[in-house]
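One structure is given here, and the rest of the page talks about it.
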Amino acid sequence: MIQRPRGTRDFTPEEMGARRYYESMMRSVAVSHGFREVQTPIFEHTELFTTKSGPGIVEEMYAFKDKGDREICLRPELTASVIRFFVNDLTNYPRPLKMFYFGQCFRYERPQAGRYREFFQFGAEIIGSATPEMDAEMIGLAAAILERTGLKDYKIRVGHIGVLKGMLAQAGVSGDTALPILQKLDKKMYEEAEPLMKAAGMSADSIEKIIATTKVTGPLSVLDTYGGEAGEYLKEVFAILAQFGFRNVEVDLGVVRGLAYYTGIVFEVDAPKLGAEKQICGGGSYSLSELFGGEKVFSTGFAIGFDRTLLAIEKEGQTAPKLLVDAYVIPVNDKTRMKAYEVAALLRRNGISCDLDIMRRNMGKNFKYADAIGARRTIIVGEKELESGCVNVRDMSSGEQKMVPIESLVQHLKG
RNA sequence: GCCGCGAUGGGGUAGCUUGGUCAUCCUGUGGGACUGUGGAUCCCUAGACUCGCGUUCAAAUCGCGAUCGCGGCCCCA
């Protein structure tokens, strides 16, 4: 027997039903917000990701040389590809350019709960100019998608990288010195952040202040004591989000996402029920296009961990509706078989989902099968009925059965 | 890369401590009872000890390693 590669999954018909259900839900919410879908290759030049995230990530990717001796990797995320796409081909599109995507990504990591080597991301990016509206639109889309899925237990925590950056700058720490400090603060590793700040020459007072700031969370009012450019910007974003009517959104100045390319708003979403791998969404505004050789443009985006989101939804006890077939056509015997195929084709051509006996089984078995697949109705094609141009339509939940002329069958089933 | 736990038909399991009949049961699959009516019942059939090495007269059972899974660490673009 050949096993599937580590960290990958096969999906059963039931699982795929649920996955496609939520996937199309997310797509339609994005479309309803004026976003359009894009798709990029599943493999890219390794350089794309090392340019974005540094050489270290090669260790965590499926990277290899192809037959033409090119350095190739399976994409570990989608933002880099979408921005590459923009820089290559989409720079003349009217802005704001609002795009979304859905697809699998690959990371060579140790699998654990909610972490797979092949996983799926749903994400969106806006390329345009730096306005609070654009950030609010982005956070709003993430919020709308999560809200629509029916997930209950989550908080969208929104911060602004400029708040802590500004405080560090005021204390005389900026640029390359600030970055590692921000990374530690993002992870709430204060014991490790403190010596770094001391070494950078910060006073005990400003260290204490900055640590306190990373712990500021709650409704918009917590920002009252935080003025400054970043604070004002955040307030504007929240004002717009309030107009959009989203709940489950709060301020968290400790969200920093210690990555060099984030420039302003940053946000994260956790689903607490998930355990160690509980982050289901992350995003913010960033500046990447110039790294890939394009003009510097303001962008904002997010990615939702599709698999984790589904896990969280399941843990809350929600299930996706099952995909059932409208009708199952049963020939009573071999003499009516050909006629049954014709009836099935008639229904299918008219948009009625329909299955039929292709195992040449007897009626009893066919009813059992129709029941097992959850067919709503069975269409019994028998000699007696055919004499008057009819078939028997049986409602599988009530057991009621009715003679229906074939010429009005489609209408009868649709009505 | 690190730590811990685990792996028996498609799914769920008994057996493992204390090695010794044809590996248990439920469910699901296919067929039949049932050549014109499902969800029930009965019968038949097929289907598993993750893999390798070792210990032993004898291994599902004990040991080592690998693989995969689960939980966590690191990381999380």
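Letters A, B, ... are given to chains in the order of the sequence lines, protein chains preceding strands, and every chain is numbered from 1.
Of the nucleotides present, B:G4 is the one that pairs with B:C70 by Watson-Crick or G-U wobble criteria, both distances under 3.5 Å. The partner of B:U41 is B:A33, by the rule that a Watson-Crick or G-U pair needs both atom distances under 3.5 Å. Base pairing analysis places B:A23 opposite nothing; no Watson-Crick or G-U wobble pair with both distances below 3.5 Å involves it. Across all strands shown, B:C64 pairs with B:G52; the Watson-Crick or G-U wobble distances both stay below 3.5 Å.
Of the side-chain N and O atoms in A:Arg9, none sit less than 4.0 angstrom from OP1 or OP2 of B:G69. Side-chain N/O atoms of A:Lys365 include none lying less than 4.0 angstrom from OP1 or OP2 on B:U37.
Just one of A:Asp355, A:Thr378, A:Asn366 meets the side-chain hydrogen bond (donor to acceptor under 3.5 Å, both in side chains) condition when paired with A:Tyr328; it is A:Asn366. Residue A:Glu118 is tested with A:Arg6, A:Arg9, A:Gln104 for a side-chain hydrogen bond (donor to acceptor under 3.5 Å, both in side chains); the sole match is A:Gln104.
When the P atom of B:G69 is taken as reference, atom CD of A:Glu109 falls 14 Å away, rounded to whole Å. A:Arg337 places its CZ atom 13 Å from the P atom of B:U35, with the value rounded to the nearest Å. Counting to the nearest Å, the C1' atom of B:G36 and the CG atom of A:Asp334 are 13 Å from each other. Atom OH in A:Tyr286 sits roughly 12 Å away from atom C1' in B:A77 (whole-Å rounding).
The base of B:G36 is paired with the side chain of A:Glu385 by a donor and an acceptor separated by under 3.5 Å. The base of B:C75 is paired with the side chain of A:Arg115 by a donor and an acceptor separated by under 3.5 Å. Residue side chain A:Gln3 does not reach the base of B:U50 through any donor-acceptor N/O pair under 3.5 Å, judged by distance alone.
If you check the side chains of A:Thr12 and A:Glu15, you find a donor sitting under 3.5 Å from an acceptor.
Checking B:G36, B:A77, B:U35 against every side-chain atom of A:Asn362, the shortest atom distance belongs to B:U35. Among the nucleotides B:C75, B:C73, B:G69, the one closest to the side chain of A:Arg6 is B:G69.
Note: A:Tyr101 and A:Phe122 fail the aromatic proximity criterion, with ring centroids not under 6.0 Å apart.
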